[in-house]
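We use all heavy atoms of the structure for the numbers below, so side chains are in, but hydrogens, waters and symmetry mates are not. Fair warning: this is a prediction, and the values are worked out from it, not measured in the lab.
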Amino acid sequence: MIKTVTSGKTYLFLSCIILFVIQNRLQQWFEPFQYLDEVFAVLFFPALAFWVFKKKNKIVWTRKRIIFLALLLIFWCWGWGGNFMYQYQNFISAAKDSYVNLKFFLAVGGTFLIFADSSLDFKKIRKNLWLLLNVITAILFALCLLDLGFGIFSTETRGGMRAVKLFYSAYTYLVGQGVFLSAWYLWFYEEKKKEIIPPLVMLAFVMLSTRRAKAMGAAACILMVYLLVFRQKQKISKKVKIFAVCVVGLAVAGGLYQLISYYYTMGVESARAVLTIAAPFLAIDHFPFGTGWGTFGSAFSAEPYSPVYSMYQMEGVWGLSPEYHKFVSDTYWPMIMGQCGFVGFAALIGVLILFVQKVWTLRSDKSAFAAALIPLLYLLLSSTSESAFASPVSVSLAFLIGFLFAEQKVKRENRKQETRQ
């Protein structure tokens with residue numbers, strides 16, 4: 001029985017990796033697949049019920065856990081406060097948005113509860129995952145080369161060069177999955193050492209082929225984490241130092257260019273700049289709650305179209321109009337401030353600080369620490385240009401972090417048992 005369960009979880013783990021990588025492609029064929037990430041996050045609730053009632057595990061209420069849950073609840077409830085007070089959006093759209101803004105944290109918790117199983121064979125998982133990662137990376141790299149050479153996928157040109165997005169509907173999905181796969185490779189460092197370098201280089205090439213600033217930032221983050229976590233006590237050659245400085249310099253330059261372009265050069269013609277400028281005014285005018293879920297800066301604020309945009313004369317901005325609202329969810333922090341007010345915004349900052357501290361507890365295991373740090377840094381980086389922690393990609397990254405938390409818990413329990421024996 002135990003063998004069947006653990007084997008089932010191994011297949012579940014590998015299936016999740018594959019589904020997260022190809023979810024965007026699947027939803028283009030069959031629309032219900034777009035809800036795969038939301039459905040996975042829902043697993044938190046049955047997993048919690050099984051954890052408490054079936055396995056009879058006790059939940060240890062530490063001070064940090066209580067504060068974390070209290071702040072997360074404040075953040076969530078403050079958004080609902082705006083809905084009940086102003087009723088700018090219908091209940092269904094508000095409920096969807098409120099859930100989407102929790103799904104990252106639910107996915108982390110659900111993954112942890114499913115895989116924090118001492119009977120799970122992590123060695124078997126690692127063996128199968130290594131093979132799977134190499135197959136996926138080889139396919140993405142080959143498709144990228146074919147696309148650059150023969151133009152087999154629809155795309156656009158940036159700076160006179162072809163911008164690759166392969167079979168994904170948006171460039172951000174390809175970059176996000178590149179980060180997802182790269183983080184898993186870092187998990188193998190202690191075991192594989194320099195064997196992880198070639199696939200990491202291939203993934204970096206694929207991400208940079210999107211010609212996106214966030215791809216440069218992601219590549220720079222991966223390189224810096226690799227050097228600082230794994231090579232900190234080793235002598236780094238001058239060539240490597242120069243290369244690292246160049247990569248980081250290009251990423252910073254790309255980020256600054258994007259910042260200047262969207263927030264200064266384009267001014268009020270930029271949806272991103274308008275959303276950012278408007279957010280504090282919304283929070284002040286609707287103090288203490290904000291405008292409420294599904295009303296500002298989120299995908300659910302466009303259908304049905306939120307009256308907040310008209311109230312603040314934003315409906316004429318390119319990408320924010322009722323007819324064309326492609327850029328309505330191009331920011332994260334302004335969305336939170338506008339919808340949840342200053343209190344909800346501050347509560348979320350507190351939640352993320354505690355979450356970073358939790359990731360920091362993995363530092364005794366360098367591979368796990370590096371693997372968890374990468375998605376967290378990427379989400380913080382991408383939060384300047386997309387919905388980040390509320391995006392579909394966030395759930396795959398949450399899955400990775402939750403699994404690493406589960407692995408560390410199992411390791412601690414095994415060490416305790418060995419000490420007792």
Parallel under 30°, tilted from 30 to 60°, perpendicular over 60°: which one fits the rings of [X] and [Y]?
X: F287; Y: F342; answer: tilted
X: F20; Y: F180; answer: perpendicular
X: W360; Y: F369; answer: perpendicular

Practice item. Please confirm whether K358 makes a cation-pi placement over F405, using NZ or CZ under 6.0 Å from the six-membered ring centre and within 45° of the ring normal. Key: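 So K358 does make the cation-pi contact.
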
Check your understanding: Do R272's NZ or CZ and the ring of F327 fall within the cation-pi criteria of under 6.0 Å and 45°?
Key ->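 The answer is no, since R272 fails at least one limit relative to F327.
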
Exercise for review: Go through the steps for H286 and F296 under the test ring-ring contact (aromatic ring centres under 6.0 Å, His included), then give the verdict.
Suggested key: CA-CA 13 Å; H286 297 81; F296 176 76; 9.8 Å; no

Check your understanding: Got a sec, which pairs hit salt bridge (charged side-chain N to carboxylate O under 4.0 Å, His left out) with one end in residues 199-213, sequence neighbours left out?
Key ->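 Salt bridge (charged side-chain N to carboxylate O under 4.0 Å, His left out) check on residues 199-213 returns E156-R212.
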
Check your understanding: Can the ring centroids of Y88 and W293 be said to lie less than 6.0 angstrom from one another?
Key ->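 So the answer is no for these two rings.
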
Can you find a heavy atom in the side chain of [X] that is under 4.5 Å from one in the side chain of [Y]?
X: N128; Y: F13; value: no
X: F345; Y: W333; value: yes
X: F50; Y: L113; value: no
X: C221; Y: Y378; value: no
X: F399; Y: I17; value: yes
X: F188; Y: L133; value: yes
X: K366; Y: F230; value: yes
X: V164; Y: V206; value: no

Under 3.5 Å, is there a donor-acceptor pair between the side chain of [X] and the main chain of [Y]?
X: K9; Y: F115; value: no
X: Q28; Y: F167; value: yes
X: T137; Y: N134; value: no
X: Y189; Y: A368; value: no
X: S367; Y: E190; value: yes
X: Q339; Y: G294; value: yes
X: D147; Y: L166; value: no
X: S15; Y: Y11; value: yes
X: Y226; Y: I197; value: no

Exercise for review: Please test F75 against W80 for ring-ring contact (aromatic ring centres under 6.0 Å, His included), starting from the C-alpha separation and ending with a verdict.
Suggested key: CA-CA 9 Å; F75 159 66; W80 278 113; over 10 Å; no

Review point. Between K127 and K123, does a side chain to side chain contact (heavy atoms under 4.5 Å, CB included) hold up when you go through it step by step?
Key: CA-CA 6 Å; K127 182 180 178 181; K123 287 184 179 179; over 6 Å; no

Point to revise | From W76, W78, Y332, residue fulfilling side chain to side chain contact (heavy atoms under 4.5 Å, CB included) relative to L348 | key: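 By the side chain to side chain contact (heavy atoms under 4.5 Å, CB included) criterion, L348 pairs with just one of W76, W78, Y332: Y332.
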
Review point. Hey, which of N101, V100, V395, L352 is the one that makes side chain to side chain contact (heavy atoms under 4.5 Å, CB included) with F389?
Key: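 When side chain to side chain contact (heavy atoms under 4.5 Å, CB included) is applied between F389 and each of N101, V100, V395, L352, only L352 qualifies.
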
Nearest-0.5 Å distance that lies between atom [atom1] in [X] and atom [atom2] in [Y]:
X: K409; Y: D117; atom1: NZ; atom2: CG; answer: 11.0 Å
X: L106; Y: L72; atom1: CG; atom2: CG; answer: 8.0 Å
X: E323; Y: E315; atom1: CD; atom2: CD; answer: 9.5 Å
X: I139; Y: C144; atom1: CD1; atom2: SG; answer: 14.0 Å
X: L132; Y: L181; atom1: CG; atom2: CG; answer: 8.5 Å
X: L320; Y: S301; atom1: CG; atom2: OG; answer: 8.5 Å

Check [X] against [Y] and note the closest heavy-atom contact, atom names and distance.
X: I152; Y: R162; value: N-NH2, 4.1 Å
X: V175; Y: M207; value: O-SD, 3.6 Å
X: W29; Y: R25; value: NE1-NH2, 3.3 Å
X: S93; Y: F300; value: O-CB, 3.8 Å
X: S209; Y: L148; value: OG-CD1, 4.0 Å
X: A116; Y: A406; value: N-CB, 3.5 Å

Neighbour count >12 (heavy atoms, 6.0 Å) for atom [atom1], [X]:
X: E191; atom1: CD; value: yes
X: Y324; atom1: OH; value: yes
X: K96; atom1: NZ; value: no

Return yes if a side-chain donor-acceptor contact under 3.5 Å exists between [X] and [Y], otherwise no.
X: Y86; Y: T295; value: no
X: W187; Y: E407; value: yes
X: Y305; Y: S310; value: no
X: Q177; Y: N24; value: no

Point to revise | Pairwise side chain to side chain donor-acceptor pair (under 3.5 Å) hits with a residue in residues 103-112, at least two apart | key: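 The answer is D37-K103, E38-K103.
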
Practice item. Start with the C-alpha gap between Y309 and L275, add the side-chain angles, then the distance that decides, and say whether side chain to side chain contact (heavy atoms under 4.5 Å, CB included) holds. Key: CA-CA 10 Å; Y309 297 117; L275 291 168; 4.2 Å; yes

Exercise for review: Test T331 against T276 for side chain to side chain contact (heavy atoms under 4.5 Å, CB included), laying out the working first.
Suggested key: CA-CA 8 Å; T331 59; T276 303; 4.1 Å; yes

Check your understanding: Can you check side chain to side chain contact (heavy atoms under 4.5 Å, CB included) on F355 and V108, steps first, answer last?
Key -> CA-CA 11 Å; F355 191 79; V108 172; 4.0 Å; yes

